[in-house]
Enquirer: 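I'd like to ask you about the structure that follows.
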Amino acid sequence: MSELRWNALRGEWTVTATHRQERTFFPPPDYCPLCPTRPGGFPTEVPYETYDLVSFENRFPSLQRLPPEPAVSGDDLQPVRPAYGACEVVLYTPEHDVTLAELPVSTIDRLVRVWQHRTAEMGARSDIAYVMPFENKGEEVGVTLSHPHGQIYAYPFIPPHLAAELAQARAHRAAHGGCLGCSLVAREEEDGRRIVGANDDWVAYVPFAARWPYETHVVARRHAALLTDLRPRQRRALARLLKALLLGFDRLFDRSFPYIMVVHQAPVDPATHADAHLHIEFYPPLRSAGKLKYLAGSEAGAGMFIDDTLPETTARALRACVDRGA
Ligand SMILES: [Zn+2]
Ligand SMILES: [Zn+2]
Ligand SMILES: [Zn+2]
């Protein structure tokens with residue numbers, strides 16, 4: 001069962017994906033469906049003895065190229081539509097016990113190339129409006145398979161958070177001219193207090209109005225809309241800064257640091273490309289080494305986040321953990 005149901009109160013889609021209930025949940029250590037298939041061993045998702053980076057369609061996709069007919073019929077008030085789209089898994093390495101932070105810059109660079117390739121290919125489909133690579137890392141964010149991997153979703157519409165960012169960027173252009181993302185990155189550099197790391201092509205900072213204590217954005221210094229706009233030099237520079245930031249996260253509390261990482265790029269529609277400024281957002285769920293930030297009444301019920309730390313303070317702590325010269 002999988003279908004898009006319209007949430008009339010909020011003006012957004014929810015996807016039902018009941019088959020996901022059967023997902024593999026912490027399999028025994030000798031069976032990982034994302035490890036290569038060992039000779040004579042269990043068949044895994046990857047029928048090879050080893051692999052480099054590999055991406056393939058999620059076995060439990062919520063959005064699909066050929067979705068089933070919706071299980072219920074909608075109406076004008078509460079429309080329903082088939083869950084067109086795609087959900088892919090990207091395996092970073094055949095090694096089971098490493099994290100993205102521990103992989104060499106060259107592998108992170110190859111990952112960015114995979115994101116580019118999938119953006120180009122999925123974005124070329126007529127039913128796709130938006131492509132978003134992301135990674136959930138750590139049990140704290142509900143990861144059921146610890147093998148280092150990320151995902152790429154292709155949506156048949158522009159998802160709400162991206163639509164909101166785009167609306168803000170359009171309003172900014174109308175009022176002040178120019179790109180909002182370009183203005184923000186310039187302002188953060190000028191101010192400096194929230195900068196966590198930087199190189200010639202990218203800046204990492206805790207945003208002025210961070211919603212998570214250690215929320216960090218990695219933003220292109222020069223305007224780029226899509227991952228596919230990046231030149232090889234910019235792509236390599238991104239890989240270097242990501243590696244430095246991820247190691248910094250791990251150093252912060254001296255533990256493997258959980259996070260949600262999302263790539264915010266432009267929608268497929270070229271009309272959005274002047275306003276959508278490429279960046280990567282990290283939402284770490286930790287407030288301190290052992291304390292989680294939960295989405296409670298105000299966050300979940302009203303959409304107003306309460307950050308009980310100052311972005312200037314958390315940025316300073318994080319900056320001290322991030323190597324310069326990335
Ligand atoms: Zn594995
Ligand atoms: Zn820009
Ligand atoms: Zn964003």
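All ligand and atom numbering here is 1-based and tracks the order in the structure.
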Enquirer: If you look at Glu281, which of its N/O/S atoms is nearest to the Zn ion (ligand 3)?
Expert: OE2
Enquirer: Please determine whether salt bridge (charged side-chain N to carboxylate O under 4.0 Å, His left out) holds for the pair Lys137 and Asp250, giving the CA-CA distance in whole Å, both sets of side-chain angles, and the decisive distance to 0.1 Å.
Expert: CA-CA 12 Å; Lys137 184 196 162 208; Asp250 285 352; 3.8 Å; yes
Enquirer: Among His161, His279, His217, His277, which one satisfies side-chain hydrogen bond (donor to acceptor under 3.5 Å, both in side chains) with His264?
Expert: His279
Enquirer: Please round to the nearest 0.5 Å and tell me the distance separating atom CG of Leu238 and atom CG of Leu278.
Expert: 7.5 Å
Enquirer: If you look at His279, which of its N/O/S atoms is nearest to the Zn ion (ligand 3)?
Expert: NE2
Enquirer: Answer with yes or no whether the side chains of Tyr294 and Glu299 bring together a donor and an acceptor at under 3.5 Å.
Expert: no
Enquirer: List-wise, which protein N, O or S atoms are found short of 2.8 Å from the Zn ion (ligand 2)?
Expert: Cys179 SG, Cys182 SG, His223 ND1, His277 ND1
Enquirer: What N, O or S atom of His264 is found closest to the Zn ion (ligand 3)?
Expert: ND1
Enquirer: Kindly say whether the aromatic ring centers of Phe249 and Tyr214 come within a distance under 6.0 Å.
Expert: no
Enquirer: For the pair Trp212 and Phe305, evaluate ring-ring contact (aromatic ring centres under 6.0 Å, His included) and give the outcome as yes or no after the intermediate values.
Expert: CA-CA 8 Å; Trp212 304 84; Phe305 275 68; 5.8 Å; yes
Enquirer: Restricting to N, O or S, what is the name of the atom of His96 that lies nearest the Zn ion (ligand 1)?
Expert: ND1
Enquirer: Is a side-chain donor-acceptor pair under 3.5 Å present for His176 with Ser183?
Expert: no
Enquirer: If you look at His147, which of its N/O/S atoms is nearest to the Zn ion (ligand 1)?
Expert: ND1
Enquirer: In Glu165, what N, O or S atom is nearest to the Zn ion (ligand 3), if we give its atom name?
Expert: OE2
Enquirer: In this structure, which one of Arg221, Arg235, Arg222, Arg236 forms a side-chain hydrogen bond (donor to acceptor under 3.5 Å, both in side chains) with Asp201?
Expert: Arg222
Enquirer: About how large, to 10 degrees, is the angle SG of Cys32, then the Zn ion (ligand 1), then SG of Cys35?
Expert: 120°
Enquirer: Can you confirm whether Asn136 sits close enough to Gln151 that some side-chain heavy atom of one is under 4.5 Å from a side-chain heavy atom of the other?
Expert: yes
